[in-house]
Amino acid sequence: SKNLHKPHIFLPHLVAAMEEVEETYIMIKPDGFQRGLVGEIISRFEKKGFKLKGLKLFQCPKELAQEHYKDLQSKPFFPKLINYITSGPVVCMAWEGIGVVASARKLIGVTNPLNAEPGTIRGDLAVQTGRNVVHGSDSPENGKREIALWFKEGELCEWTPLLGPWLTE
Ligand code: ADP
């Protein structure tokens, strides 16, 4: 059809922003861990083609949970949120990739799992905001901040994926 011959709309600033290599902090929350969803959740980021740079099972102290969620400290659900995050082990991950921050948020789905699209982690695996199984940083700046907060020096790995040229050109 004629439409196929339409010139593409090219927005260089958007392309540049999308192709930026970023880091994001992804965390399987205590419910995701207790429910045996660790492999399932990690698998979705692996299959997408992102690069895992840090991974650990960790019992989060209260102070760290409060620091991580400090922007929400005035919310009525804040004490509940801190109890939830510290209620059992979490799986901490640092992932790297082109546009990984926004892309991971899409893979995770919106905050309330009942509104999250089928195909997303929350859309497929959870039913309530207070038990939404996974966290993902909301900006590249917070990605860096949260990775620095949850990982110590020496806990992150620099490595070269052999599949690199088959994932990105
Ligand atoms: P997201 O994790 O999708 O970025 P927010 O930053 O708004 O969402 O909130 C952080 C976390 O706080 C949520 O993932 C959820 O676990 C919890 N939370 C948010 N809103 C509520 C709420 N109304 N009741 C209980 N917990 C909530």
Side-chain angles (χ1 to χ4, degrees), residues 13-33 35 37-61 64-73 75 81-82 84-86 89-113 115-126 129-164 166-169:
H13 58 291
L14 283 183
V15 174
M18 286 189 67
E19 298 224 328
E20 205 75 49
V21 175
E22 303 167 347
E23 292 175 334
T24 192
Y25 177 65
I26 302 294
M27 175 168 69
I28 302 173
K29 297 178 178 179
D31 50 333
F33 175 74
R35 291 177 54 201
L37 297 175
V38 173
E40 163 88 35
I41 292 170
I42 294 179
S43 184
R44 295 186 180 214
F45 295 98
E46 280 186 315
K47 287 177 187 165
K48 176 74 174 168
F50 294 129
K51 182 170 132 186
L52 185 60
K53 296 182 78 178
L55 172 68
K56 67 177 177 185
L57 186 63
F58 184 61
Q59 174 61 56
C60 174
L64 178 56
Q66 286 165 340
E67 177 63 24
H68 174 80
Y69 281 123
K70 67 177 179 205
D71 290 349
L72 300 174
Q73 63 193 358
K75 303 279 184 190
L81 174 59
I82 300 308
Y84 164 44
I85 294 302
T86 58
V90 293
V91 177
C92 310
M93 292 177 275
W95 289 90
E96 184 189 273
I98 293 170
V100 71
V101 173
S103 179
R105 300 270 295 181
K106 281 194 173 176
L107 291 175
I108 289 170
V110 297
T111 308
N112 183 341
N115 297 330
E117 293 293 325
T120 64
I121 295 168
R122 288 169 176 167
D124 289 348
L125 305 174
T129 303
R131 296 288 184 270
N132 62 5
V133 303
V134 65
H135 165 83
S137 307
D138 63 5
S139 67
E141 298 68 46
N142 274 336
K144 283 193 193 309
R145 176 183 85 90
E146 292 169 5
I147 289 169
L149 193 60
W150 289 84
F151 287 98
K152 288 186 209 136
E153 194 122 337
E155 287 184 332
L156 299 172
C157 275
E158 285 305 333
W159 61 286
T160 307
L162 275 176
L163 283 177
W166 302 106
L167 288 162
T168 55
E169 57 180 12

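Just so it is clear, the model here is predicted, and its values are computed rather than measured.
To the nearest 0.5 Å, the span separating CE on M93 from CZ on F45 amounts to 6.0 Å. Here E146 contributes atom CD and M27 contributes atom CE; the two are 8.0 Å apart, rounded to the nearest 0.5 Å. Remark: S139 OG to E22 CD distance equals 9.0 Å, nearest 0.5 Å. Going from atom NZ of K29 over to atom CD1 of I85 covers 5.0 Å, rounded to the nearest 0.5 Å. Rounding to the nearest 0.5 angstrom, the gap separating the CZ atom in R105 from the CD1 atom in I26 is 9.0 Å. I121 contributes atom CD1, which lies 8.0 Å from atom CD of E40 (distance to the nearest 0.5 angstrom).
Here the shortest heavy-atom pairing between V90 and P30 reads CG1-CD, 3.5 Å. Here the closest non-hydrogen pair linking I147 and L156 is CG2-CD1, 3.8 Å. Looking at every heavy atom in both residues, P89 comes nearest to Q59 through N-OE1, 3.6 Å. Of all heavy-atom pairs between T24 and V101, the closest is CB-CG2, 4.0 Å. What you find for A65 and T86 is that their closest heavy atoms are CB-CG2, 3.8 Å. The heavy-atom pair separating E155 from W150 by the smallest distance is OE1-O, 4.2 Å.
Judged purely by atom type and a 3.5 angstrom limit, S137 uses its side chain to pair as donor or acceptor with the backbone of Y25. In this structure, the side chain of R145 engages the main chain of H68 through a donor-acceptor pair within 3.5 Å. Put simply, the side chain of D124 gets close to the backbone of G119: a donor and an acceptor are under 3.5 Å apart. In this structure, the side chain of W159 engages the main chain of L52 through a donor-acceptor pair within 3.5 Å. For the pair R35 (side chain) and V133 (backbone), a donor-acceptor distance under 3.5 Å is absent.
When each of L57, I41, L37 is tested with V91 by the rule side-chain contact (heavy atoms from CB on, under 4.5 Å), just one qualifies, namely L57.
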**OP:** Evaluate side-chain contact (heavy atoms from CB on, under 4.5 Å) for Q66 paired with Q73, printing each intermediate quantity in order.
**Re:** CA-CA 8 Å; Q66 286 165 340; Q73 63 193 358; over 6 Å; no
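Judged by the 6.0 Å and 45° rule, K56 forms a cation-pi pair with F151.
Annotation: side chain to side chain contact (heavy atoms under 4.5 Å, CB included) contacts of T111 (sequence neighbours excluded): R122, T129, N132.
Between W95 and F50, the gap from one ring centroid to the other reaches at least 6.0 Å.
For E117, the CD atom is loosely surrounded, since the number of other residues' heavy atoms within 6.0 Å does not exceed 12. By the neighbour-count criterion of 12 heavy atoms within 6.0 Å, atom NZ of K48 is sparsely surrounded, having that number or fewer from other residues, nucleotides or ligands.
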